[in-house]
Each structure stands twice: as structure tokens, then as C-alpha cells.
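First up is the structure itself, then whatever we jot down about it.
Since the model is a prediction, treat every value here as computed from it, not as a measurement.
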Amino acid sequence: MACSPSPAARGPGRESQNSGVPMASKLHPPDPRREWVPRQQLVRRLAGGDAKLVLVHAPPGFGKTIAVAQWRSAESERRAFAWVSLDRGDDDPVRLWWHIVSSLQRACPSLGGEELLALLRVQVPDIAGRLLPSLINALAGLLEPVFLVLDDYQLVTERRCHQQIELLLANLPPPAKIVIISRADPPLQLARSR
């Protein structure tokens, strides 16, 4: 499912700028498999919440990623999912946001991702001051909801990355929600989001 912008968010023709290319394998959830144990009750619980943050955390091997992938592929689910499989390299704020914006652009082509990525192509990107406000405004212009899934969030340890995710969460507009999959509680101020 692709997201649509509100009429006010649609602008004149967008210019495409070529720069770095995200690894496509990082932007895809696992494909459903027959051998997966069905988790209908858990999927219903995940899909039924209305919080702007969904945190799925458990030790390794508990099927966290599979549960969220089953939610995403459930027949009843009609919302768009932007998926980022994080790795240790995503501890860099620019790389982290490059993958996040690229994933959101794949899920919602009308988001204006190229304009957002252009903000990361400058020598010293201002993520908190320019990129995040622009991303929040773009998300607010969507007519349909989107879930941003950050899988293996425990691999992100850079304090600035956590602060930037907190800033996004604090200002996340209603069409968007964040799903964090992690082996432990992330070092975010979660009390308000819970």
C-alpha cells in the first residue's frame, strides 16, 4: 500500500537528485514462510494499539521480527510499513536517517523523500534542525497511516541517534507510528510514549 499526501502537501514537480544508494536488503521485511508458527493473538494485539510507539522487545530467538513481519503481512492489515533492518553501521546518524528516509519513501512514494535526502547530502547535515522538522511536516501531510519499523534497534548505541529518534517520537504526527524491535529496552525516554 502506498501513502497519499494531502492536497496541501503536494507541491510542484520534484527534482530527483542522484547520490548514495541504500542497500535494498535493509529495507525489506522477511518474507512470510510456511514454517512460521502463527501468532494471530499477538498480531491482533500489535495491530489493535493506537500508541505512536510500538516496542517489541525480548531476548534473541523469541521471534520478535517474525511477529512484526506476520503483522505486516496479515490479510486485515492495510497500512503501509516502512522497514529498516539495522546493523552496526547505522550507529552513524547520517546513515541511520538515510535508511529511514529511503524506507519511508519506498512505503510512501508521495512523501518527497528526495527533498529529504538532499538535506543529508550536505557536508554537515543538520538532522535535528532541518531534516527532522522537514520529515515531520512531510509525514503530517500523508492521508494514510504508515508504520516505520526499526528492527534490531539494540545495535544503535550512538547517543545522538537516540536523541533524534526521541525528537521524532515527541513530534510524530498521527498518520505515522514507530515500531521498535529490540533485544532490550532502548535507551529512550519511553514513559510518555507508553
Side-chain angles (χ1 to χ4, degrees), residues 1-3 22 24-32 36-87 90-91 93 95-108 111 113 116 132 135-136 138-140 142 144-157 161-194:
M1 171 178 207
C3 300
S25 60
K26 292 175 58 70
L27 308 181
H28 290 284
D31 290 326
W36 285 358
V37 175
R39 296 182 172 101
Q40 287 96 351
Q41 185 176 356
L42 179 56
V43 167
R44 278 193 301 272
R45 187 167 180 198
L46 289 169
D50 63 350
K52 62 178 157 180
L53 171 65
V54 176
L55 174 61
V56 180
H57 74 92
F62 274 66
K64 302 175 294 294
T65 299
I66 291 172
V68 176
Q70 287 176 329
W71 167 24
R72 178 194 160 273
S73 62
E75 287 183 21
S76 60
E77 188 57 67
R78 300 286 180 252
R79 295 169 284 198
F81 277 71
W83 193 286
V84 182
S85 295
L86 301 168
D87 59 41
D90 294 313
D91 230 1
R95 181 176 156 148
L96 173 67
W97 289 101
W98 187 272
H99 283 110
I100 288 174
V101 171
S102 296
S103 181
L104 285 165
Q105 178 67 20
R106 289 173 71 104
C108 303
L111 183 73
L116 297 169
L132 289 178
L135 175 59
I136 290 163
L139 290 170
L142 296 176
E144 298 160 9
V146 61
F147 285 93
L148 169 62
V149 179
L150 302 175
D151 191 8
D152 280 330
Y153 192 81
Q154 76 278 353
L155 296 175
V156 176
T157 59
C161 293
H162 298 308
Q163 290 171 335
Q164 293 159 359
I165 293 291
E166 283 181 342
L167 180 60
L168 176 62
L169 263 172
N171 297 284
L172 200 63
K177 298 185 185 308
I178 296 177
V179 180
I180 291 179
I181 304 171
S182 181
R183 294 181 176 182
D185 262 352
L188 304 171
Q189 296 179 7
L190 298 173
R192 232 181 334 180
S193 298
R194 284 184 170 148

Fill in: Minimum side-chain heavy-atom gap His57-Phe62 below 4.5 Å
no

Worksheet item: Between Leu27 and Ser103, what is the shortest heavy-atom contact and its length?
Response: CD2-CB, 3.9 Å

Worksheet item: Any donor-acceptor pair under 3.5 Å linking the side chain of Lys64 with the backbone of Ile181?
Response: no

Worksheet item: Checking Ser102 side chain against Trp98 main chain: does a donor-acceptor pair fall under 3.5 Å?
Response: yes

Item to complete: Would you please name every residue forming a side chain to side chain donor-acceptor pair (under 3.5 Å) with Gln164, sequence neighbours left out?
Response: Trp97

Item to complete: Classify the ring geometry between Phe147 and Phe81 as parallel (under 30°), tilted (30 to 60°) or perpendicular (over 60°).
Response: parallel

Practice prompt. Heavy atoms only: give me the nearest Asp90-His99 pair and the separation to one decimal.
Written response: OD1-ND1, 3.2 Å

Worksheet item: Side-chain contact, heavy-atom cut-off 4.5 Å: Arg106 with His28?
Response: yes

Worksheet item: Considering all heavy atoms of both residues, which atom of Ala140 and which atom of Pro173 are nearest to each other, and what is their separation?
Response: N-CG, 3.4 Å

Item to complete: Side-chain contact test, heavy atoms from C-beta onward, threshold under 4.5 Å: evaluate it for Ile165 versus Ile100 and give yes or no.
Response: yes

Worksheet item: Can Arg39 and Ile66 be said to form a side chain to side chain contact (heavy atoms under 4.5 Å, CB included), step by step?
Response: CA-CA 9 Å; Arg39 296 182 172 101; Ile66 291 172; 3.4 Å; yes

Fill in: Stepwise side chain to side chain contact (heavy atoms under 4.5 Å, CB included) test for Gln70 and Val68
CA-CA 5 Å; Gln70 287 176 329; Val68 176; over 6 Å; no

Discussion item. Any heavy-atom pair between the side chains of Val149 and Pro29 that's under 4.5 Å?
Written reply: no

Worksheet entry | Between NZ on residue Lys177 and CG on residue Leu148, distance to nearest 0.5 Å | 13.0 Å

Discussion item. Test your reading of the model: is there a side-chain donor-acceptor pair from His162 to the backbone of Val156, 3.5 Å cut-off?
Written reply: yes

Worksheet item: For Ala80 and Cys108, which heavy atoms make the closest approach, and how far apart are they?
Response: CB-SG, 4.5 Å

Worksheet, complete the sentence: Sequence neighbours excluded, the answer for salt bridge (charged side-chain N to carboxylate O under 4.0 Å, His left out) partners of Asp87 is Lys26, Arg95

Discussion item. Checking the side chain of Glu77 only, and the main-chain atoms of Ala47 only, is there a donor and an acceptor separated by less than 3.5 Å?
Written reply: no

Response to the item:
Between Ile136 and Asn171 the two heavy atoms that sit nearest each other are CG2-O, 3.3 Å

Worksheet item: What heavy-atom pair brings Asp91 and Cys161 nearest, and what distance separates the two atoms?
Response: O-SG, 3.4 Å

Worksheet item: So how far is it from Asp151 CG to Thr65 OG1, rounded to the nearest 0.5 Å?
Response: 3.5 Å

Discussion item. Counting C-beta onward and ignoring hydrogens, is there a side-chain heavy-atom pair between Leu188 and Tyr153 closer than 4.5 Å?
Written reply: yes

Worksheet item: What's the verdict on side chain to side chain contact (heavy atoms under 4.5 Å, CB included) for Leu135 and Leu104, showing C-alpha distance, side-chain angles and the deciding distance?
Response: CA-CA 10 Å; Leu135 175 59; Leu104 285 165; 3.9 Å; yes

Worksheet item: CG/Leu172 to CD1/Ile178 distance, rounded to the nearest 0.5 angstrom?
Response: 5.0 Å

Practice prompt. Answer yes or no: is there a side-chain heavy-atom contact under 4.5 Å between Leu96 and Val84?
Written response: no

